[in-house]
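Single-structure report; data block below.
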2 protein chains.
Amino acid sequence: MAHRSGVSKSTVSRVINAEPGVRAEVAERVRGVIDQLGYVPNSAARQLVTRRNNAIAVVASQPQNRLFIDPFFDSHLRGIRKELVHHGAQPVLLFLEEPEEYPRVGDFLGGGHVDGALLFSLRADDPLPGMIERLGLPTVFGGRPLVREGERVRERVYVDADNRGGAREAVRHLVALGRRHIATITGPYDQEASAVDRLDGYRDVLLDDATPDLIERADYTRKGGADAMAALLDRRPDLDAVFVASDLMASGALQVLRERGRRVPEDVAVVGFDDLAPIAETTDPPLTTVHQDIEGMGRLMARLLFSRTGEPGEGRAAAVAEHPLSSVVTPTRLVLRASA
Amino acid sequence: MAHRSGVSKSTVSRVINAEPGVRAEVAERVRGVIDQLGYVPNSAARQLVTRRNNAIAVVASQPQNRLFIDPFFDSHLRGIRKELVHHGAQPVLLFLEEPEEYPRVGDFLGGGHVDGALLFSLRADDPLPGMIERLGLPTVFGGRPLVREGERVRERVYVDADNRGGAREAVRHLVALGRRHIATITGPYDQEASAVDRLDGYRDVLLDDATPDLIERADYTRKGGADAMAALLDRRPDLDAVFVASDLMASGALQVLRERGRRVPEDVAVVGFDDLAPIAETTDPPLTTVHQDIEGMGRLMARLLFSRTGEPGEGRAAAVAEHPLSSVVTPTRLVLRASA
DNA sequence: TTGAAAGCGCTAACAA
DNA sequence: TTGTTAGCGCTTTCAA
């Protein structure tokens with residue numbers, strides 16, 4: 001104990017937490033002793049009483065490598081980190097690949113190491129939201145969580161883009177271009193809400209023209225997009241446009257189109273979704289796509305979380321916002337490049 | 001408190017920690033109450049007394065996006081996670097981008113949330129190792145940490161590949177092929193030991209033939225490799241081979257070679273380093289490169305760490321291994337493909 | 001086989 | 001402005 005500086009624990013505690021009511025001279029002396037001893041407060045003890053620790057978990061339940069390949073995640077995480085760090089909170093990343101890992105992650109989350117959690121890339125039947133709800137840990141979701149029919153859950157706060165509206169705009173653009181046979185490559189709509197919403201947007205515009213043979217489901221990967229494009233081309237050689245539900249899939253689709261000798265946009269117009277600069281700007285031709293502010297959504301998630309947990313360092317964790325918080329849907333817009 | 005199950009705290013504690021000396025019937029009843037209440041032990045309190053918490057920090061002080069693009073990191077992290085999870089420890093990722101983040105990361109690390117740390121991607125002058133040493137947190141480094149001259153540090157345990165030996169083998173292969181003017185594109189040898197070692201291996205073989213105009217420093221990125229290749233070609237149009245210190249840089253170099261009309265391997269033979277499947281197997285032509293067991297190195301790091309901290313759940317954290325631990329250097333081997 | 005009591009290192013009331 | 005006291009929720013002797 002640094003009380004060898006000649007004062008009581010309380011005073012040391014006050015100095016460490018920069019509380020008022022300590023003579024400057026005493027504070028100075030205490031700080032000296034702290035430095036000299038290399039003293040670091042034991043935060044388990046501190047947390048036991050304050051119920052706070054200025055760390056926020058960022059949990060992704062997805063194969064790590066899918067995450068690492070996906071520029072979407074990179075931007076999203078950047079936004080989250082910026083905002084968290086800006087508020088003085090430490091982001092702690094947890095990946096969740098195997099079912100066996102759930103109990104341990106649950107223990108960590110419930111163990112009071114973090115004040116809140118940011119979750120994303122959840123599968124439809126992921127047990128994590130339920131676990132966290134039971135723990136009572138403040139949480140914000142990235143992307144609207146899919147809730148199974150009949151499942152009773154507390155309201156879940158999320159941040160998402162206007163996927164349906166963005167998809168509508170993309171498809172309307174294709175229609176305005178005079179395209180007659182507009183296909184779509186979707187995301188895994190059995191697993192992710194964004195895939196459902198983008199497909200709904202496509203249907204909103206095309207109505208009865210959206211026949212099943214124009215719709216091919218893929219998995220948000222590049223290869224999945226390529227395979228889906230090939231299948232579509234085999235089935236409907238007459239198609240003259242495709243709305244692809246992600247840029248990564250679109251880059252795969254463009255490659256197949258090129259291999260099959262179809263010119264883009266002359267023969268087939270292509271619109272993507274995401275507007276990920278490293279992809280959309282470098283494809284051949286550059287991709288017309290639906291822009292969403294991914295980094296901004298990440299920041300928003302962090303801000304929403306703080307409005308539930310209270311700012312780091314401010315009072316007890318129990319200080320949850322009184323005004324009920326709602327989810328946020330951010331706007332999208334179509335960015336015209338060369339592919340459509 | 002779950003003591004409404006009619007027993008004392010002690011007994012509940014025993015049940016939770018699966019300690020012997022509890023009547024099966026009582027244990028059963030307690031477990032029932034626990035489930036029913038959804039009780040999760042507060043690990044801050046537990047940790048305060050046990051000094052353990054079965055979580056290990058994985059710390060990377062690198063711009064997040066460099067990490068996310070680098071398949072090396074992906075494999076490395078996969079190995080680490082596998083081993084950690086296998087031992088029942090929770091991996092906790094911390095990124096470190098801005099200098100302002102160091103104090104907070106230090107607090108988290110020193111705060112007793114984790115039993116040990118795995119560090120990598122450290123810059124030469126990174127303050128992190130020093131900070132952690134002062135905290136007394138058991139640590140293992142990924143890649144030999146560069147120590148500045150005159151700096152006094154405790155011995156640092158690391159896991160690294162035989163970079164120098166691998167480089168030697170690569171360059172010898174080029175020599176055996178009859179190449180006369182063998183250039184090299186290096187990593188940032190002012191920052192990373194692996195870059196230093198690979199350059200040393202190159203020099204070991206070439207001796208006086210390794211003139212400065214054949215050596216070009218880059219930064220382990222694809223673009224850096226491309227730029228370096230261009231500079232080399234401008235300076236030494238007569239070069240007929242290049243040893244490139246990473247696959248990512250090699251892929252950039254190959255592209256420049258192609259653009260400049262040099263055939264590989266006929267005009268210029270190329271050998272890389274890393275043997276990252278997603279790169280080396282898909283370049284045109286496929287890359288001859290030095291293989292290292294990246295995932296295995298990750299696992300090894302975790303194992304070494306456990307030999308310092310003791311296995312998760314086993315006694316107190318203080319139970320550090322008595323036998324002094326040493327660093328490990330894993331072997332490399334040349335994988336022949338088409339580029340050399 | 002169980003329970004009672006002490007105490008891990010801190011902060012938060014309350015006294016001085 | 002400072003010190004004293006009482007816990008935070010757990011594990012761990014020790015005694016029953």
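Order of the sequence lines sets the chain letters (A, B, ...), proteins ahead of strands, with each chain counted from 1. A quick note: this is a predicted structure, and the numbers were derived from the prediction, not measured.
In this entry the distance linking CD of A:E28 with C1' of D:dT1 reads 17 Å, nearest Å. Rounded to a whole Å, the CG atom of B:L48 is 10 Å from the C1' atom of D:dT11. Rounded to whole Å, the distance from CD1 on B:I16 to C1' on D:dC10 is 9 Å. The nearest whole Å value for the distance from the NZ atom in B:K9 to the C1' atom in C:dA5 is 9 Å. Nucleotide C:dA13 holds its C1' atom 15 Å from the CG atom of A:N17, rounded to whole Å. Atom pair A:R46:CZ and C:dA12:P shows a separation of 10 Å (rounding to whole Å applied).
A side-chain N or O of A:S61 and one of A:D126 form a donor-acceptor pair less than 3.5 Å apart.
In this model, the phosphate group of C:dC8 is not approached by any side-chain N or O of A:N42 to a distance below 4.0 Å at OP1 or OP2. Taking only side-chain nitrogens and oxygens, B:T11 comes nearer than 4.0 Å to OP1 or OP2 of C:dG3.
Between the side chain of A:R144 and the backbone N or O of A:E192, no donor-acceptor pair lies under 3.5 Å. Side chain of B:S13 to backbone of B:K9: no donor-acceptor contact under 3.5 angstrom is found.
Considering only the side chain of A:V49, C:dG9 comes nearest among D:dT11, D:dT2, C:dG9. Minimum atom distance to the side chain of B:E19 is reached by D:dT12, of the listed C:dT2, D:dT2, D:dT12. Side-chain atoms of B:S8 lie closest to C:dG3 of the nucleotides C:dG3, D:dT4, C:dG9. The nucleotide whose nearest atom lies closest to any side-chain atom of B:A45 is, among D:dA6, D:dT12, D:dG9, D:dG9. Closest to the side chain of B:R23, out of C:dT1, D:dT2, D:dG3, is C:dT1. With C:dG9, C:dG3, D:dG3 as the choices, the nucleotide that has an atom nearest any side-chain atom of B:S10 turns out to be C:dG3.
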List the steps and the verdict of salt bridge (charged side-chain N to carboxylate O under 4.0 Å, His left out) for B:E28 and B:R23.
-> CA-CA 9 Å; B:E28 205 46 62; B:R23 226 171 349 130; over 6 Å; no
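Nearer the 5' end of DNA chain C, as judged by each residue's closest nucleotide, is the contact made by A:A44, out of A:R14 and A:A44.
The pair B:R104-B:E101 does not count as a salt bridge, with every side-chain nitrogen at least 4.0 angstrom from each carboxylate oxygen.
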